[in-house]
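Here's the structure, in C-alpha cells; my notes come after.
Values below: all heavy atoms of this structure, side chains included; hydrogens, waters and symmetry mates excluded. So that the names make sense, note that chain A is the first sequence line, chain B the second, and so on, each numbered from 1.
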Amino acid sequence: MDCSKELTGMTVVVTGATSGMGRAMAMNMAQRGAHVIGVGRSQSRCAELKRDVLKADPAARITVLVADLASQSQVLLLAEDIRGAALRPSGLVGWVGDGRIDALVNNAASVYNWYATTEDGYEAQFAVNHLAPFVLTHELLPLLELSPTGRVISISSASHFGATMHWPDVMYRKHYSCLMAYKQSKLANVLFVMELNRRLAQHSHVRAYAVDPGLVNTEIGQKGTSGIENWVWRKRRTTGVSPEQGAATALFLATTPALAQADAAYWKDSHPAQPSKAAQDSVEAARLWAYSERLCGMTWGAGSACCQQGDPMGSPLRGG
Amino acid sequence: MQGYVLITGATGGLGRAFAIECASRGWNLFLTDLSEQALLALSTGIQRMYGVTTRYCPCDLTDAEARKSLWQRITQLGLSFHGLINVAGLDHEGRFFERRIDDLQTILRVNIEATVEMTWRALQFREPGETFRIITVSSLAAFYPMPVKAVYAASKRFLLDWSLALRHELRDSDASVTVLCPAGMRTNKACIQAIAAQGFMGQITTLDVGVIAARTLDSALAGRAVYIPGIVNQIMRVLSSFFPTALVTEVIGNRWDKNTPYHGHTGGVRWTAAKS
C-alpha cells in the first residue's frame, strides 16, 4: 500500500459522485490517497468517474456503485454494497479494508420542476434529498463508529432559510412548488443533522455536519426541469462558483483530522455558521425524525432496516 | 368503508397518483400491475404514509389466463370493492403499417378487452350498501382520429363511448362512471421529453399528475361523466367540435407527420409506455 499520501487508509463514501460537487470531492480525495466509494445513478457516468480518477492517478483507490436513491429498496441494497466495498475495495487485489468508513458525504440531491413520485409513492425531492440520506446514514452508522473520526456530512443549502416544514402536506401533493419542496428538503437536511447529533452525543463519537456550499455551478437544476425554469437555472448557475470551490467546505470537514470546532453542526466557507431559526427547532427536528422513521419503515438504532422490515408488521399483506 | 378500491396500472405515474390520492382519503387499496417488486414498493410506501390497508397482486392484463387467476385470488380473499380505477393502457407509437401486428393487438387487449373485463367483474364484487365509483382513463385522443396513433386513439374512443353508455345503464343502481380524458402528463421519461419537445404548448396543456388524480376523484364523487384536465385542453376540445372530423384529422395528421419520420415496414415499433 502506498502510504505516502495524506489520506491513505481513509475510506469515504460520496453520493452523487458522478457530477458537480460530488465528482469534485471524489476526484480530490482519491488523488489524496483515500479509498473513495462513489455512488451514481448511471452506470456509464460511474464508469466515466472511475476512468477519470484512474487516469489522474493509476494507483488511486476508487469503487463506483450504481444506485437510484429515489428508491428505498435500492438505498438498502446500496448500503449492503458499500459494506462489501469497505471490506474489499474493487480491483485492489490483496488489499483488504477493515470495513470502516471515515466519512459519509450525503451529496446527491435532485430538483423536480413538477410533482413526481418515486416508486414508493413519495415526492421525489423529499425522497432523494432527505429520506435517502436518512436511511443510508442509519445503515452505515456502525461502519462510521469503527473510525476514530467518523463523520456524516450532508450538503444542505442557504435555500433552507425561509423554509418551514410543510406538515399538512409534506409531499406538496396538492399545490406543488418546486422551489418550496426543494427548500423544505434542504431544511430537512439541517434538521436531520441537528437531531442526529443530539442522539449521537450520548453514546457515540460520530458527528454530523450540514454544509452550505454557496451557489455552485452544477447541473442540479437542469436535470428535472424544462422550459423557463431550466433557463433560469442555467443562467443562475453561471454566477455560481466552480464545483471544486463549492466542495471545499465538505472536503475540509471530511478530511481534516482534528476539527477545531467539532461540535458546530452547520458550516459555510470552512467555518461554523448559523442555520435558520427553523433549522434549530428541536421539536421540529424530532417530529421530522419520527416521520422519516415511519416512511422508511424502521426504528433508529434497532438494527439494519432490512432486518426490521423482515417482520410481518412491515411486510404488506400480499394478495397474490 | 371496509371495501377496497381496485386500481389497474397502479405503479405507473398516473396509477401511483391515484393510489396516493385514494389512500389520502382513507380508502383501502387493491393494486395490480405487471411488476411485483414495484407493487410491493408502492404498497409499502402508501401504508406507511396513510395507514390504510393495501393489497396487491401482479397481473399481465394482456393475458386472459392471468386475469382469470387474478379474480380467483380476489374471490379467495373475499374482497369487495367500492371503486374501480382503470388506468392500465398502452400505446406502441408509429405508423399503422410499420408496426408489428402483435403490438397492435396488445393495445386492443389491454386498452379494451382487459378494461371491459375488469369492469364487468368488479361490478360482481361490489361492496354492499356503498356507492360504486368507476373511473376509466381515456385520453384527449378519444375525441379525434389520430394518425400515427390510430389504434390507440380509437381504443380510447371506445372507452369513452362505452363508459358513457354504461353510465346510463348504471344510473339507477347507485353506481357512476367517470371518464378521464387527459392530454400529456409527466409520468415517465418519454412523456416528459415529448411534453418538453412541444415547448410552450406542452407547458400550458400539462398539469401535475397529483392534481389530475385529485380532481378526477372529486369529479367521480360529484358524479360527473367526463373530466378533461386543464382549461386549454377544454377549450381546444370545444373549439374542435365546430369543425368537421375530416378537417381535424387533417390538422392533427400534418402536425404528427412533421415529427414522425417514416420507417420501413414494422421497423418503427417503439414503446412510449404512455398510460393514456
Side-chain angles (χ1 to χ4, degrees), chain A residues 41-42 68 70-77 112-124 126-127 131 135 168-178 181 222-231 290-298 305 308-309 313-320, chain B residues 4 10-11 13 15-17 19-21 23-24 28 30-32 35-51 53-59 69-70 73-74 76-77 79 185-188 192-193 195-200 202-203 206-214:
Chain A
R41 200 169 23 163
S42 138
D68 184 357
S71 156
Q72 287 278 304
S73 63
Q74 284 200 39
V75 175
L76 291 177
L77 289 173
Y112 281 87
N113 196 24
W114 45 85
Y115 173 77
T117 53
T118 65
E119 64 168 30
D120 305 294
Y122 305 150
E123 191 274 315
F126 190 71
L131 292 177
V135 176
D169 182 13
V170 175
M171 307 283 177
Y172 280 95
R173 197 168 50 88
K174 290 271 161 77
H175 304 285
Y176 189 74
S177 154
C178 166
Q222 288 185 267
K223 293 175 185 167
T225 59
S226 61
I228 294 165
E229 290 84 355
N230 190 282
W231 182 83
Y291 184 63
S292 308
E293 281 188 333
R294 198 176 103 206
L295 293 191
C296 300
M298 61 175 208
Q308 292 186 40
Q309 285 163 22
M313 287 301 289
S315 68
L317 299 153
R318 238 200 89 189
Chain B
Y4 292 73
T11 64
R16 281 203 300 258
I20 292 164
E21 184 63 35
S24 79
N28 299 327
F30 186 90
L31 311 173
T32 183
S35 154
E36 172 153 21
Q37 186 266 331
L39 286 164
L40 169 66
L42 180 64
S43 165
T44 308
I46 285 176
Q47 282 185 31
R48 288 172 182 171
M49 275 189 286
Y50 298 107
T53 305
T54 56
R55 292 174 178 243
Y56 63 87
C57 184
C59 178
S69 49
L70 172 70
R73 188 72 192 132
I74 289 169
Q76 280 170 10
L77 291 165
L79 303 184
M185 289 176 290
R186 293 184 179 102
T187 49
N188 61 42
I192 290 163
Q193 281 165 355
I195 291 164
Q198 290 179 48
F200 179 67
Q203 292 261 337
T206 308
L207 266 78
D208 277 332
V209 280
V211 175
I212 291 175

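Shown here is A/R173, whose CZ atom has more than 12 heavy atoms of other residues, nucleotides or ligands within 6.0 Å.
Of all heavy-atom pairs between A/W114 and B/D208, the closest is CB-OD1, 3.1 Å. Between B/R16 and A/E119, the closest heavy-atom pair is NH1-CA, 3.9 Å.
Contact of A/S73 with chain B is made through the side chain alone, with heavy-atom distances under 4.5 Å. Contacts of B/L42 with chain A are made by both backbone and side-chain atoms, with heavy-atom separations under 4.5 Å. A/S71 does not touch chain B: none of its heavy atoms, backbone or side chain, sits under 4.5 Å away. With a 4.5 angstrom heavy-atom cutoff, B/Q37 touches chain A only via side-chain atoms.
When each of B/S24, B/A23, B/S69, B/C59 is checked for heavy-atom pairs under 4.5 Å with chain A, B/S24 comes out on top.
To the nearest 0.5 Å, atoms CD (B/E21) and NZ (A/K174) are separated by 5.5 Å.
Considering A/V170, A/D120, A/L295 as possible partners of B/M49, the one that fulfils the side chain to side chain contact (heavy atoms under 4.5 Å, CB included) test is A/L295.
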